[in-house]
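The chain is numbered in sequence order, starting from 1. Just the heavy atoms: all of them, side chains too, but no hydrogens, waters or symmetry mates, feed the values below. Note that the coordinates shown come from a computational prediction; the quantities given were computed from them, not determined experimentally.
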Amino acid sequence: MIELKTASEIDDLRATGHLVARTLDTVRAHAQVGTALRDLDALARDVLTDAGAHPVHHSRAREPFPGAISTSVNDAIVRGVPDHTRLTDGDLLSVSCAARLHGWVAAAAITVIVGTAQPGDTAVVRTAYDALADGISAARPGARTGDLSHAIGVVGRSAGYGVPAGLGGHGVGRDLREHPPVPNDGHPGTGVPLRPGVVLTVEPVLLAGGSDTTDLDDNGWTMRSGDGSRAAHVGHTVAITADGPLVLTTP
């Protein structure tokens, strides 16, 4: 069942989204050569808690994720654990943040090139953001989730990147993961109809090597590219309104 949010509820969600965006901006500013992932996590946690919010993550057998944010480096795609690892020149860092403020949850993700870009990194990051923009543009009343998924997949696959199955966006609001799912590839005209009041995340994930395969890291959390290639993960929380898509996770 899809819960349609009212205009006032979307305003409340926008407040959470602003905080998520501010948190990611703080992390982006400090994602420099030599910075430890756990220090980025501490910064993010401070921004959230100072605003009265709490980080939100998917759990694993009721075990909480060990971080306020996810910090995925190079071949890590999602759920990278913020540990003692220090960023090095040329790292490709994807950061996802989800937070609950006054009962409402919003989420977003960014990918940052640390220091000097490695060959191909600029292109895969740019393409991920292009896919995000096209996916958001397709999130209009009267469309279906398949239209949004198709828009993302066309951009990624046309550039030769892998688009792993099982990773993508989803409904969001009272909880981090709500109905409907929003895959990163699909067929136009299929899926759930989009109506004003639907709120979801749009989250392109692209693998530079072109393969869709993934592996689960030994830590049981982190998903990695199956071929060892680098990954880009970006995303926004978006509300469907009568006037079109409204991005909620902006500063």
Side-chain angles (χ1 to χ4, degrees), residues 14-58 64-101 105-130 132-133 172 176 201-206 208 217 219 221-225 230-237 247-251:
R14 196 196 303 227
T16 309
H18 286 337
L19 178 59
V20 167
R22 184 153 57 89
T23 302
L24 288 173
D25 280 349
T26 299
V27 172
R28 186 198 304 271
H30 289 85
Q32 301 172 358
V33 175
T35 301
L37 298 179
R38 66 171 185 170
D39 292 338
L40 294 178
D41 184 71
L43 284 168
R45 189 179 297 276
D46 285 347
V47 174
L48 295 176
T49 56
D50 286 351
H54 304 280
V56 180
H57 287 284
H58 304 298
F65 181 80
I69 55 173
S70 168
T71 52
S72 305
V73 181
N74 297 332
D75 67 322
I77 307 170
V78 293
R79 297 191 297 276
V81 176
D83 55 18
H84 296 271
T85 301
R86 293 188 178 275
L87 294 170
T88 62
D89 189 44
D91 277 344
L92 190 61
L93 171 68
S94 293
V95 181
S96 62
C97 176
R100 183 186 301 276
L101 179 66
V105 178
I110 59 174
T111 295
V112 179
I113 296 172
V114 180
T116 306
Q118 296 293 311
D121 282 357
T122 300
V124 71
V125 173
R126 181 179 63 247
T127 304
Y129 280 106
D130 288 345
L132 175 61
V172 69
L176 175 57
T201 65
V202 182
E203 300 185 54
V205 173
L206 302 182
D217 197 87
N219 65 20
W221 288 106
T222 307
M223 188 74 68
R224 296 186 181 275
S225 61
R230 293 173 177 244
H233 172 212
V234 299
H236 275 305
T237 294
V247 177
L248 303 181
T249 42
T250 54

Practice task
Output yes when a side-chain donor or acceptor of T49 lies under 3.5 Å from a complementary backbone atom of R45, and no otherwise.
Solution key: yes
Fill in the blank from the handout: dist I113:CD1 -> D121:CG (nearest 0.5 Å) comes out at 5.5 Å
Handout entry: Side-chain touch N74/L92, heavy atoms, less than 4.5 angstrom
Key = yes
Problem - T35 side-chain N/O to H30 backbone N/O, donor-acceptor pair under 3.5 Å - result: yes
Handout entry: Side-chain donor/acceptor of D91 to backbone N/O of L93, under 3.5 Å
Key = no
Practice task
Kindly say whether R224 contributes a backbone atom to a donor-acceptor pair with the side chain of D75 at under 3.5 angstrom?
Solution key: no
Practice task
Anything under 30° is parallel, anything over 60° is perpendicular, the rest tilted; go ahead and classify H57 against F65.
Solution key: tilted
Exercise for the section: Please confirm whether the backbone N or O of T111 pairs with a side-chain atom of S94, one donor and one acceptor, at under 3.5 Å? Expected result: no
Practice task
Please examine the side chains of V73 and T85, heavy atoms only from C-beta on, and report whether any two atoms are closer than 4.5 Å.
Solution key: no
Handout entry: Under 3.5 Å donor-acceptor, H18 side chain and T250 backbone
Key = yes
Practice task
Please tell me if the side chains of V112 and V95 come closer than 4.5 Å, counting only heavy atoms from C-beta onward.
Solution key: no
Handout entry: Donor-acceptor under 3.5 Å (R79 side chain, W221 main chain)
Key = yes
Exercise for the section: Taking all heavy atoms of T237 and all of V172, pick out the closest pair and write down the distance. Expected result: CG2-CG1, 3.7 Å
Practice task
Indicate yes or no: at least one non-hydrogen side-chain atom of R230 is less than 4.5 angstrom from one of V124.
Solution key: no
Practice task
Ignoring hydrogens and angles, tell me if any N or O in the side chain of H54 forms a donor-acceptor pair with the backbone of R100 under 3.5 Å.
Solution key: no
Exercise for the section: Quick one: closest heavy-atom pair of V27 and L40, and the distance? Expected result: O-CD2, 3.9 Å
